[in-house]
Amino acid sequence: ILKLEEEVLRTVRYYIRGKDGQLTEMTAEQAAMKSDTLRFRREGTINLATGETVLQNWVALDGSAFGAYTSPSVPGYVLENASQLQAGAHNGISADSADIHDQVIYVPVGNYVPKFPDGSTPTDPWSEVPYVADPSKPTDIVPPTDPKQPAIPHIPGLTPVDPGTKEPLKPVDPQDPTKGYIPPVPTTPTDETKIPYIKNVVEDKAQIIYRLVDEAGKVVNAELAKSD
């Protein structure tokens, strides 16, 4: 009696697509590769007199389908394609099927970047504040009000505004604007959002001082009163 066995391998690997389009496989700490196999077996007989071989049909020992894996959330990245929320599912696998190697691709999240008014760039400007990937949904970023999302930095003499509405951003703490401002909602999880800063308006107050003078114009009383 002959006993023949075949295995079909399925792997799911996770990659980052860089700005240059190149793919780099994630580390095991970011998203570990998945690997499993389906086994198939068949039996047969050899007629010793004639040398004729008779083989039975293949039997799937582990079934004929690979189930899907749920793609993980990865800090700093989101899925390039939402269709890969579930990945690696394949049906109709047989003993003569080729090994399967699936790729799940992520891209970096975008950033908030400042846009300072001409002549008002701070001495130590910030360059970017990254969005925060949603730990429960690998296609999304957290809302701007989420505590995990860093605030837009406070710059003395300048106020950040929403790039769409042009309204001033709300401070994280209305009593202390130095703690920063709540960011606007990005257009997409991967595009940059420019944060314009505008100069603060400083109110100039004129003050009137009243003095008593004689007919010759000589001050006889240095100061009678001041206006507010």
Side-chain angles (χ1 to χ4, degrees), residues 1-111 130-149 185-193:
I1 296 177
L2 297 174
K3 289 187 178 181
L4 305 176
E5 290 193 358
E6 289 285 350
E7 289 186 348
V8 178
L9 172 69
R10 186 272 305 267
T11 63
V12 180
R13 297 175 182 270
Y14 302 93
Y15 292 84
I16 296 168
R17 188 185 301 282
K19 292 183 179 181
D20 59 359
Q22 297 297 311
L23 295 180
T24 302
E25 187 171 2
M26 291 190 182
T27 65
E29 289 74 20
Q30 289 174 305
M33 178 198 74
K34 306 292 192 300
S35 176
D36 41 22
T37 58
L38 294 178
R39 297 172 299 152
F40 298 86
R41 180 179 296 163
R42 74 191 309 184
E43 295 183 353
T45 58
I46 299 177
N47 187 315
L48 297 179
T50 63
E52 179 184 9
T53 300
V54 177
L55 297 175
Q56 298 178 4
N57 292 330
W58 286 102
V59 175
L61 301 181
D62 307 302
S64 59
F66 288 110
Y69 285 108
T70 298
S71 298
S73 293
V74 181
Y77 302 92
V78 291
L79 283 172
E80 183 177 56
N81 194 323
S83 66
Q84 291 196 312
L85 276 169
Q86 300 285 322
H90 297 275
N91 297 313
I93 306 300
S94 60
D96 57 357
S97 294
D99 290 342
I100 300 169
H101 303 288
D102 289 320
Q103 295 181 341
V104 180
I105 300 173
Y106 291 73
V107 290
V109 297
N111 299 283
Y131 310 152
V132 175
D134 190 327
S136 62
K137 193 173 183 182
T139 55
D140 288 348
I141 54 177
V142 300
T145 53
D146 192 293
K148 291 186 287 293
Q149 174 61 56
V185 178
T187 304
T188 73
T190 55
D191 290 333
E192 286 187 344
T193 300

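Along the sequence shown, the residues carry numbers beginning at 1. Reckoned from all heavy atoms, side chains included, excluding hydrogens, waters and symmetry mates.
Contact detail for Gly67 and Arg10: the closest heavy-atom pair is O-NH1, 2.9 Å. The nearest pair of heavy atoms linking Ala95 to Val8 is O-CG2, 4.3 Å. Shortest non-hydrogen contact noted between Gly76 and Ala133 is N-CB, 3.9 Å. Shortest non-hydrogen contact noted between Gly63 and Phe40 is O-CZ, 4.1 Å. A pairwise comparison of heavy atoms in Ile141 and Pro189 identifies CG2-CB, 3.9 Å as the closest pair. Residues Ser71 and Val104 approach most closely at OG-CG1, 3.7 Å, considering heavy atoms.
Between atom OG of residue Ser35 and atom CG of residue Leu9 there is a gap of 4.5 Å, rounded to the nearest 0.5 Å. Rounding to the nearest 0.5 Å gives a distance of 12.0 Å between CG of Leu79 and OG1 of Thr190. To the nearest 0.5 Å, the span separating OG1 on Thr11 from CZ on Arg13 amounts to 5.5 Å. Residue Phe66 holds its CZ atom at 7.0 Å from OG1 of Thr37, rounded to the nearest 0.5 Å. We find the CD-OG1 distance between Gln84 and Thr139 to be 12.0 Å, quoted to the nearest 0.5 Å. To the nearest 0.5 Å, atom CG of residue Leu61 and atom CZ of residue Arg41 are 5.0 Å apart.
Exactly one residue among Ile16, Val107, Val109 makes a side-chain contact (heavy atoms from CB on, under 4.5 Å) with Tyr77. That residue is Ile16. No option in Pro186, Pro144, Pro108 other than Pro186 meets the side-chain contact (heavy atoms from CB on, under 4.5 Å) test with Tyr131.
In summary, Glu7 and Arg39 do not engage in a salt bridge, as defined by a charged side-chain N under 4.0 Å from a carboxylate O. Salt-bridge formation is not detected for the pair Asp134/Lys137: no Lys NZ or Arg NE/NH1/NH2 atom is positioned less than 4.0 Å from an Asp or Glu carboxylate oxygen.
For the side chain to side chain donor-acceptor pair (under 3.5 Å) condition, the pairs that include at least one residue of residues 89-98, sequence neighbours left out, are His90-Asp102, Ser94-Asp96, Ser94-Ser97.
Between the Gln149 side chain and the Asp146 main chain, no donor and acceptor come within less than 3.5 Å of each other.
Atom CG of Asn57 is surrounded by 12 or fewer heavy atoms from other residues, nucleotides or ligands within 6.0 Å.
Residues Ser64 and Trp58 have side chains not in contact (no heavy-atom distance under 4.5 Å, counting atoms from C-beta outward).
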Is there a side-chain contact (heavy atoms from CB on, under 4.5 Å) between Ile93 and Ile100? Walk through the geometry before answering. CA-CA 10 Å; Ile93 306 300; Ile100 300 169; 3.7 Å; yes

Checking Gln86 against Thr70 for the side-chain hydrogen bond (donor to acceptor under 3.5 Å, both in side chains) test, could you report, in this order, the C-alpha distance in whole Å, the side-chain angles of both residues, the deciding distance, and whether it holds? CA-CA 5 Å; Gln86 300 285 322; Thr70 298; 2.9 Å; yes

